[in-house]
Amino acid sequence: MKPIAPDRLPALLRLMPKAELHIHIEGSLEPELIFALAQRNGLSLPYADVQALRRAYAFSNLQSFLDIYYAGASVLVQEQDFYDMARAYLRRAAADNVLHTEIFFDPQTHTARGVAMDSVINGLHRACVDARAQTGISASLILCFLRHLSEQDAFATLEQALPLRDKFIGVGLDSSELGHPPENFSRVFARCRELGLRLVAHAGEEGPPSYIWSALDVLKVERIDHGVRCVQDALLMQRLARDRIPLTVCPLSNHRLGVCASLAEHKLGQLLDAGIVATVNSDDPAYFGGYLNDNLVQTFAATGLRAEHAYSLSHNSFEASFIAASEKRGFQDKLQDLFETFP
Ligand code: HPA
Ligand code: ZN
């Protein structure tokens with residue numbers, strides 16, 4: 001790899017082709033859109049204006065964030081609301097040179113309020129189709145079960161979504177982690193596996209390394225979302241590296257939720273240097289202060305990561321994605337070209 005001056009790194013990071021694999025679409029809802037949708041749906045919000053809402057985004061841990069995140073999502077009612085939210089994210093992602101994205105959505109947050117499953121999935125899916133046609137970005141959907149609810153509720157959600165099976169590629173597990181270990185969802189994940197759905201789960205964000213082990217060995221997930229607490233378990237780090245199990249890491253989220261004390265102390269470099277297939281992602285960009293390129297540029301500046309790490313992160317993001325091997329190679333060839341021609 002030819003040397004790249006440190007002051008050229010931000011430009012390189014922005015230009016790099018990349019895949020985003022850990023983005024909650026409800027977490028891309030910007031305050032301006034929250035207010036616009038509230039008005040469209042005749043709902044009132046407990047905040048005077050956009051600035052007052054933004055001021056409430058001072059989180060101390062995962063739960064304090066989730067409380068505000070679920071409140072924000074309550075303005076989503078009609079299919080068009082889901083469409084507008086996803087279209088805005090996809091435009092923003094394309095501007096960051098995201099070529100492919102796998103988008104999480106939380107149907108239970110909406111169906112519990114009486115919103116139809118069809119409205120959620122059809123709105124999001126139509127936005128993915130239109131974005132592909134208009135900007136070329138490729139996008140697929142992953143349905144997440146809320147782990148603070150029961151496995152029975154997850155099964156009911158799966159049943160409601162199955163008529164739309166061709167519009168999502170997999171399932172995940174998110175929401176409050178502590179006290180809700182992956183193994184509570186073993187049966188519903190086994191069923192999803194039989195159905196040919198791809199499997200991922202949040203584990204090791206606030207929860208212990210044992211949750212990462214059980215996501216792998218009980219749920220049999222193919223990727224771990226966050227997973228940064230694996231650094232507390234040397235054997236687990238070896239397992240992740242040996243089996244090339246990707247971690248979808250979200251540095252700005254980790255900093256804002258107190259998973260790491262400062263961005264400078266983030267363990268991304270340690271994960272990459274241990275040979276783990278780590279990727280960088282935005283998680284909930286409207287709440288954590290930045291989209292994918294912001295996550296990359298700020299984390300590299302704070303931790304002193306170098307051009308070879310940038311290359312690995314882009315390469316890993318395609319490797320870790322659920323696209324066909326030939327498409328992965330096509331995107332990775334673009335990465336190679338950029339590194340060869342970058343001034
Ligand atoms: N963790 C768990 N659940 C979530 C998150 C997260 O970072 N973001 C949105 N739902
Ligand atoms: Zn997440």
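Because the structure is a prediction, the values reported are computed rather than measured.
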Does a side-chain heavy-atom distance below 4.5 Å link Leu158 with Leu195? yes
Using modelled atom types and a 3.5 Å cut-off, is there a donor and acceptor pairing between side-chain atoms of Arg223 and backbone atoms of Ala320? yes
Common cluster, Leu146/Leu62, ILVMFWY with side-chain heavy-atom separation under 4.5 Å: yes
Calculate, to the nearest 0.5 Å, the distance between atoms CG and OG belonging to Asn41 and Ser74 respectively. 10.0 Å
Identified side chain to side chain contact (heavy atoms under 4.5 Å, CB included) partner of Lys18 from the options Thr101, Asn97, Thr279: Asn97
Ile245 to Ile276 - nearest heavy-atom pair and separation: O-CG2, 4.5 Å
Would you say that more than 12 heavy atoms from the other residues, nucleotides or ligands in this model lie under 6.0 Å from the CD of Gln152, or not? no
Of Asp106, Asp283, Asp284, which meets side chain to side chain donor-acceptor pair (under 3.5 Å) against His24? Asp283
Taking atom CG of Leu9 and atom CE of Met16, what is their separation to the nearest 0.5 Å? 9.5 Å
Supply the members, apart from Ile169, of the Ile/Leu/Val/Met/Phe/Trp/Tyr cluster built from side-chain contacts under 4.5 Å; use none for a lone residue. Phe104, Ile142, Val200, Phe322
Listed once per pair and sorted, the salt bridge (charged side-chain N to carboxylate O under 4.0 Å, His left out) pairs that draw on residues 130-151, sequence neighbours left out: Glu151-Arg187
Is the backbone N or O of Leu21 less than 3.5 Å from a side-chain atom of Glu102, with the two atoms forming a donor-acceptor pair by type? no
Within the distance-only criterion (no hydrogens, no angle test), does the side chain of Asn281 pair as donor or acceptor with the backbone N or O of Val249 below 3.5 angstrom? yes
Rounded to the nearest 0.5 Å, the CG atom of Leu216 sits from the OH atom of Tyr211 at a distance of 15.0 Å
In the structure I gave you, are the side-chain heavy atoms of Gln39 and Val75 within less than 4.5 Å of one another anywhere? no
Check: Asp49 side chain, Ala52 main-chain N or O, donor-acceptor pair, under 3.5 Å: yes
Those residues at least two apart in sequence (or on a different chain) that pass side-chain contact (heavy atoms from CB on, under 4.5 Å) with Pro209 are Gln232, Asp233, Leu236
Non-hydrogen atoms of Leu29 and Leu76 that approach each other most closely: CD2-CD1, 4.0 Å
Taking Glu26 for the side chain and Phe105 for the main chain, is one N or O donor matched with an acceptor at less than 3.5 Å? no
Those residues that, when tested against Arg14, pass side-chain contact (heavy atoms from CB on, under 4.5 Å) (two or more places apart): Pro10, Asn293, Val297
Above 12 or not: heavy atoms from other molecules or residues under 6.0 Å from NZ of Lys334? no
Within this structure, what is the CD-SG distance for the pair Glu205 and Cys250, rounded to the nearest 0.5 Å? 7.5 Å
How long is the straight-line distance from CG of Asn122 back to CE of Met117, given to the nearest 0.5 Å? 11.0 Å
Students should find that the hydrophobic cluster of Leu178, defined by side-chain heavy atoms under 4.5 Å apart, otherwise consists of none
Shortest non-hydrogen contact between Leu313 and Phe300, atoms and distance: CD1-CE1, 3.6 Å
More than 12 foreign heavy atoms under 6.0 Å from CD of Gln134: is that the case here? yes
Would a single hydrophobic cluster contain both Leu335 and Leu292, if residues Ile, Leu, Val, Met, Phe, Trp and Tyr are joined by side-chain heavy-atom contacts under 4.5 Å? yes
Charged N to carboxylate O under 4.0 angstrom, Arg191 versus Glu159? no
Apart from Leu99 itself, what residues make up its hydrophobic cluster, given side-chain heavy atom links below 4.5 Å? Phe318, Ile323, Phe331
Using the side chain to side chain donor-acceptor pair (under 3.5 Å) rule, collect all pairs that involve residues 239-249, keeping only residues at least two apart or in two chains. His22-Thr248, Asp217-Arg239, Asp225-Thr248, Arg239-Asp243, Arg244-Glu319
Does the pair Cys144 and Val171 meet the rule for a side chain to side chain contact (heavy atoms under 4.5 Å, CB included), with working shown? CA-CA 5 Å; Cys144 282; Val171 297; over 6 Å; no
Tell me whether Ser28 contacts the main-chain N or O of Ile25 through its side chain, where contact means a donor paired with an acceptor under 3.5 Å. yes
Identify, with sequence neighbours excluded, every residue that meets side-chain contact (heavy atoms from CB on, under 4.5 Å) alongside Ser312. Leu272, Asn316
For Arg229 versus Ile212, what's the shortest heavy-atom pair and its separation? C-CD1, 4.4 Å
Is a side-chain donor-acceptor pair under 3.5 Å present for Ser317 with Glu20? no
Taking salt bridge (Lys or Arg N to Asp or Glu O under 4.0 Å) as the test, write out the residues that go with Arg126, two or more places apart. Glu79
Are the side chains of Leu53 and Phe35 in touch, meaning some heavy atoms are under 4.5 Å apart? yes
Give me each pair satisfying ring-ring contact (aromatic ring centres under 6.0 Å, His included) with a member in residues 167-194, each pair once, sequence neighbours excluded. none
Answer yes or no: is there a side-chain heavy-atom contact under 4.5 Å between Leu235 and Trp213? yes
Residues in side-chain contact (heavy atoms from CB on, under 4.5 Å) with Asp294, at least two apart? Arg92, Leu252, Tyr291, Gln298
Could you check if a side-chain atom of Tyr47 sits within less than 4.5 angstrom of a side-chain atom of Ile34, using non-hydrogen atoms only? no
Run the ring-centre check on Phe288 versus Phe65 and record whether the distance is less than 6.0 Å. yes
N/O donor-acceptor pair under 3.5 Å between Ser119 side chain and Val115 backbone: no
Would you kindly confirm whether Val129 and Leu124 end up in one hydrophobic cluster when ILVMFWY residues are joined by side chain heavy atoms under 4.5 Å apart? no
Taking the side chain as everything from C-beta on, heavy atoms only, tell me whether Pro251 gets closer than 4.5 Å to Val280. yes
Would you say the side-chain atoms of Asn61 pair up with the backbone N or O of Gln63, donor to acceptor, closer than 3.5 Å? yes
Would you say the side chains of Gln336 and Glu340 form a donor-acceptor pair under 3.5 Å? yes
Calculate, to the nearest 0.5 Å, the distance between atoms CD1 and CG belonging to Ile121 and Leu143 respectively. 6.0 Å
Donor-acceptor contact present, side-chain His202 to main-chain Leu173, <3.5 Å: yes
Compare all side-chain heavy atoms of Thr303 with those of Leu268 and state whether any distance is below 4.5 angstrom. no
Tell me, which pairs form a side chain to side chain donor-acceptor pair (under 3.5 Å) where one or both residues lie in residues 261-278, sequence neighbours left out? Asn254-His266, Ser262-Glu265, Asp273-His309
Short side-chain to backbone donor-acceptor contact, Asp81 and Gln78, under 3.5 Å: yes
